[in-house]
Amino acid sequence: MSQDPLLDRWSAVDHYLGHLLLPSDPALDSAVAASDAAGLPAIQVSPLQGRLLAILVAAQGARRILEIGTLGGYSTIWLARALPPDGQVITLELNPTHAAVARANVVQAGLGDRVEVRVGPALDSLRALIAEGRGPFDFIFIDADKTGYPEYFALALRLSRRGTMIIADNVVRDGAVADPDSTDANVLAVRQLNDMMANEPRVTATVLQTVGVKGYDGFAVALVNS
Ligand code: SAH
Ligand code: DHB
Ligand code: MG
């Protein structure tokens with residue numbers, strides 16, 4: 001139980017639905033356990049959110065996925081499993097410890113051949129991917145430092161094609177996103193992302209507010225039209 005009755009209620013529903021809809025999953029469970037043991041923060045997507053990512057990847061028929069913000073590879077495993085056997089995830093992580101834990105978790109999940117973890121600032125890695133002529137990606141999940149979101153979105157567009165789906169996590173921030181007077185750098189950045197999505201003729205975008213074990217937050221969902 002937390003100190004917050006709303007969070008307890010949202011968590012109870014997440015647990016009920018998670019037990020109902022998601023089979024027990026040793027690879028994901030041990031990825032979380034290994035991440036905890038290595039001292040990584042427990043800020044990965046929730047199990048039901050992981051399933052949503054997998055559903056979107058499968059519906060998309062994605063073969064090439066770009067993830068920005070790997071942590072211990074929990075979301076990476078959900079994404080990679082939803083790919084066909086010849087599909088690939090490139091996932092970008094600043095912290096070498098996080099990247100090493102993620103690599104081990106991905107290998108342990110039997111997905112080592114489908115996942116490439118690139119270590120370094122995501123901005124540098126994105127520029128390198130563009131310079132290497134990589135992409136277009138079919139599906140892009142943005143989930144690293146929030147202040148980077150505007151630049152990540154701009155570079156993600158350069159790595160996209162017509163039909164690419166771009167998802168960004170943590171864009172509602174306990175509702176603070178609606179405060180035009182916020183001085184919080186994370187809120188300012190997600191508001192800038194929202195402005196970019198609103199003004200970018202290449203995308204059709206929405207934002208879904210979410211509640212659950214991670215509290216009150218949301219996902220931006222953008223489809224690239226051209
Ligand atoms: N997608 C993960 C959670 C990512 S948490 C999951 O759901 O399982 C955010 C991650 O972004 C952290 O591991 C953090 O180290 C990383 N990060 C922070 N700043 C970054 C940067 N500039 N470039 C790349 N990764 C960054
Ligand atoms: C937090 C949650 C996230 O999903 C994330 O990507 C980064 C931080 C958090 O709760 O602090
Ligand atoms: Mg997140």
Side-chain angles (χ1 to χ4, degrees), residues 2 4 7 10-11 14 25 27-36 38-54 56-57 65-82 89-106 109 111 115-129 139-153 155-156 166-177 184-187 189-190 193 207-221:
S2 74
D4 179 347
L7 180 59
W10 300 336
S11 297
D14 252 2
D25 195 315
L28 287 170
D29 291 349
S30 57
V32 170
S35 299
D36 282 350
L40 274 52
I43 55 175
Q44 68 276 359
V45 293
S46 72
L48 290 161
Q49 290 172 345
R51 167 61 67 78
L52 174 65
L53 293 175
L56 294 172
V57 165
I65 300 176
L66 174 63
E67 177 177 62
I68 306 172
T70 316
L71 191 64
Y74 181 83
S75 55
T76 316
I77 291 171
W78 276 107
L79 294 166
R81 277 183 175 166
V89 181
I90 296 179
T91 183
L92 313 181
E93 175 55 53
L94 174 65
N95 183 309
T97 304
H98 295 188
V101 171
R103 181 78 209 150
N105 285 337
V106 160
L111 298 163
V115 176
E116 179 185 343
V117 184
R118 291 199 178 194
V119 185
L123 217 46
D124 294 352
S125 298
L126 288 165
R127 290 183 180 130
L129 288 170
F139 189 96
I140 301 178
F141 180 47
I142 303 176
D143 193 22
D145 57 309
K146 311 311 158 190
T147 54
Y149 275 27
E151 284 178 292
Y152 301 155
F153 180 71
L155 294 172
I166 302 175
I167 308 276
D169 191 21
N170 311 115
V171 300
V172 170
R173 317 205 64 76
D174 263 313
V177 70
D184 179 298
N186 294 327
V187 172
V190 297
L193 170 70
V207 173
L208 284 181
Q209 303 185 68
T210 58
V211 295
V213 289
K214 297 191 70 185
Y216 171 31
D217 215 326
F219 281 111
V221 180

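Both ligands and their constituent atoms are indexed starting at 1 by order of listing. Numbers here are sequence positions counted from 1.
- Legend: protein N/O/S atoms lying under 2.8 Å from the Mg ion (ligand 3), waters omitted, number 3.
- Using modelled atom types and a 3.5 Å distance limit, the side chains of Tyr149 and Asn186 yield no donor-acceptor pair.
- Counting heavy atoms from C-beta outward, Gln49 and Lys214 have side chains that approach closer than 4.5 Å.
- Side-chain contact check for Gln44 and Ser35: no donor-acceptor pair (N or O, by modelled atom type) lies under 3.5 Å.
- Protein residues are said to neighbour a ligand when one of their heavy atoms lies under 4.0 Å from it; for ligand 1 these are Ile43, Gln44, Val45, Glu67, Gly69, Thr70, Leu71, Tyr74, Ser75, Glu93, Leu94, Asn95, His98, Gly120, Pro121, Ala122, Phe141, Asp143, Ala144, Asp145, Tyr152.
- Scanning all heavy atoms of the two residues, the minimum distance from Phe219 to Thr210 falls at CD1-CG2, 3.9 Å.
- In plain terms, the two heavy atoms of Ser11 and Val213 that are nearest each other are OG-CA, 3.6 Å.
- Distance alone, capped at 3.5 Å, places no donor-acceptor pair between the Arg118 side chain and the Leu126 backbone.
- To the nearest 0.5 Å, atom CD1 of residue Ile142 and atom CG of residue Leu155 are 9.5 Å apart.
- For Asp4, there are no salt bridge (Lys or Arg N to Asp or Glu O under 4.0 Å) partners two or more places apart in sequence or in a different chain.
- Contact check for Asp217 versus Gln209: no side-chain heavy atoms found under the 4.5 Å cut-off.
- Listed by chain and number, Ile43, Asp143, Lys146, Asp169, Asn170, Lys214 each place a non-hydrogen atom less than 4.0 angstrom from ligand 2.
- Between Asp25 and Arg81 a salt bridge is recorded (basic side-chain N to carboxylate O distance below 4.0 Å).
- When side chains are defined from C-beta on, Val45 counts as touching Phe141, because their heavy atoms get closer than 4.5 Å.
- One N or O on the side chain of Asn95 and one on the backbone of Thr97 form a donor-acceptor pair closer than 3.5 Å.
- Residues Val171 and Val177 fail the side-chain proximity criterion, which asks for heavy atoms closer than 4.5 Å.
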